[in-house]
Amino acid sequence: MTLSLTVPRSQLEKLQTHLKQGGKREIGGWLVAEQTAPGKFELVGLTVDLEVGTRDRFDSLPEPHSKQMDRILLESSGRTGRVDYLGEWHSHPAFPPIPSEIDVASMTNMVEYSGPSFAALVIVRLMGSASIQATITTFQRGQLPKAGQLIIANAVPEAGFSESWQPPEL
Amino acid sequence: MNAGAGIGYGYNVAIEKLAEELAVPQDRFDQAERRYKDLGEFLHRDESKVREYDPDVYIQGSFALGTPIKPASKDEDYDLDIVVSFRSLTKAQISQADLRALLRAELKAYRDARGIKNEVGESRRCCTLIYADGAQFHMDVLPAVPNETNMRVVLSSYLEDQALAEGAIAITDSDKTSTYRVITDDWPRSNPSGFAAWFKSSQIEQLNERRRAFLDAQGKVTASVEDVPVFRVRTPLQSSIMILKRHRDEWFAERDPDLKVISVILTTLSTHAYAGEARVSDAIAKILRDMHLSVKERNGVSWIANPTDPSENFADRWEKFPERRDSFLAWLEAARTDFGTVQRFSDTNIVLNELSRHLGSTLVEGARSRVAASAGSRAASVAPAAAAGASAPGLVFGGEDRRPTEPKGFG
């Protein structure tokens, strides 16, 4: 089953704002999504940490993101589907938006040992002032990483989301 | 090695849990640290007979490398190896016997001051203190003097990097009767801090990733990874060595324990064979495949060079006792078979059942409990996935608590 994540226009705009704020530093956070069907999710919120990243490193620390996720859950309490942590996102301002070895190792480690049994990793890069390049990868316990599908609701083609990469061999 | 190269999911989980179960609890490391620091402070007290020689007390061996394992039974001790290096003494000033006597006298005073019941013991190279307070600590204290100058000459003659001489020490050996009681330059050499530095550098990427995660977990995001002692984290190499040590202990216990592969050989060969694998299961597979490659032949003699002293052969006793070499090879073959047989299995219970015969039932049952504890929190996610028709847990928000609780590093 391929995981698909629909990103509403409003969330894409928030992401663009964060990426501009982040500049040349990596930024990122958690993806909070509503399950609409098995394997299908809609992004309802993003947490973000603008402080901890460097040019080539981002650390996802649970505490600040968990607090932000609480607020997102409150704001989305009227939704019919279950809303929960879907995975992680971070930017690669200086590199192509594909998972690095460290990214793959961290996500694999989480789904295998310490966290949820599956999670998505979205990596984004701002191109120019408005266009975003992005990939989504699904990590599932006992399975190899797999490319997922990003869908922009009411998509404008130049948003430039890319899914054309192949998961790295571990 | 990689995830697609024959490591089953269940085997991977079993190996991780075995390493967790074998690990010495952090409070034991803290206790060990307190013990050697306490001895260091004692040797620097005002009345100390050795204070003027500027004793430097530090830990060596498995506690320094982060590879000790829990004793197999409550009757066994943790071996804590301590070096006392008298930094302002030289080989030109004192004989090995007199250096040993100096330290022994101070250890007796330490024993009296700390109310340790057992007498100070002695072996070929060190003095021994056994705590009888239920701490299960057996402290071997190695007297030494600095030996960097001598070591540089040795390294130069082998055309090796002289930086390896940093931390080199000269130690005593009561069996060498011709040199033990006279002032001579001819002392046995050692370099435990150099060995520890080599061990760290051989796995620096994995080590620093875990040190960073350790700091993150403590909220010390701005601290340096160098500040985190190697024993505060557990790398794939450390875990692999721990598991192989237990396999070795069990294998030789059923045969001739006198022929047991010594830990420094197991550690050195494992470190040479390790190539940065991120998972313990991959690291063990690589180590077992390649560890024999660093056993060299020099003039017909099996040679496992000390990485900080190429003139030292860790396998020196194999020449006199060739059965030790044979035992090493037989054990290695057994380990390859025992782990190789189950490494493709995806059922953790079957893996643990099989490994129980080779690693001991107490350890394996402990690991099984750890598997059950972590699986319990995840079991709820299986049901909705099954309902959705997926063979794996599935891409469904089930009953599991999904929020991450541990920091992650991305790059």
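Convention: sequence-line order gives letters A, B, ...; per-chain numbering from 1.
- Of the possible donor and acceptor atoms, one in the side chain of A/S100 sits under 3.5 Å from a partner among the backbone N and O of B/G411.
- Counting heavy atoms from C-beta outward, B/T405 and A/P62 have side chains that stay 4.5 Å or more apart.
- Heavy-atom distances place both the backbone and the side chain of A/L86 under 4.5 Å from chain B.
- A/H90 places none of its side-chain heavy atoms less than 4.5 Å from the side chain of B/K408.
- Neither the backbone nor the side chain of B/E205 comes within less than 4.5 Å of any heavy atom in chain A.
- Only the backbone of A/T2 comes within contact range of chain B, with at least one heavy atom under 4.5 Å from a heavy atom of that chain.
- Among all heavy-atom pairs drawn from A/L73 and B/R403, the shortest one is CD1-NH2, 3.3 Å.
- With chain B as partner, the option from A/L121, A/N109, A/D70 having the largest number of non-hydrogen pairs under 4.5 angstrom is A/D70.
- Within the 4.5 angstrom heavy-atom criterion, atoms from both the backbone and the side chain of A/Q35 approach chain B.
- Looking at B/E406, both its backbone and its side chain come within 4.5 Å of chain A, counting heavy atoms on both sides.
- Heavy-atom distances place the side chain of A/T138, and not its backbone, under 4.5 Å from chain B.
- Counting heavy atoms of neighbouring residues, nucleotides and ligands inside a 6.0 Å radius, atom CD of B/E365 exceeds 12 of them.
- When each of A/D59, A/V104, A/D103 is tested with B/F410 by the rule side chain to side chain contact (heavy atoms under 4.5 Å, CB included), just one qualifies, namely A/D103.
- Here the CD atom belonging to A/E112 is positioned 6.0 Å from the CG atom belonging to B/N12, to the nearest 0.5 angstrom.
- Annotation for B/E209 and A/I102: closest pair OE2-CG1, 4.2 Å, computed over non-hydrogen atoms.
- Proximity to chain B is absent for every atom of A/E101, based on heavy atoms less than 4.5 angstrom apart.
- For the pair B/R402/A/F118, a side-chain contact is recorded, criterion being any heavy-atom separation below 4.5 Å from C-beta on.
- For A/H65, no part sits under 4.5 Å from any heavy atom of chain B, backbone or side chain.
- Within a 6.0 Å radius of NZ in B/K70, other residues, nucleotides and ligands contribute more than 12 heavy atoms.
- Heavy-atom pairs under 4.5 Å with chain B peak, among A/V83, A/L3, A/D84, at A/D84.
- Below 30°, between 30° and 60°, or above 60°: for B/F397 and A/F41 the angle between ring planes is between 30° and 60°, a tilted geometry.
- A 6.0 Å sphere centred on CD of A/E51 holds no more than 12 heavy atoms belonging to other residues, nucleotides or ligands.
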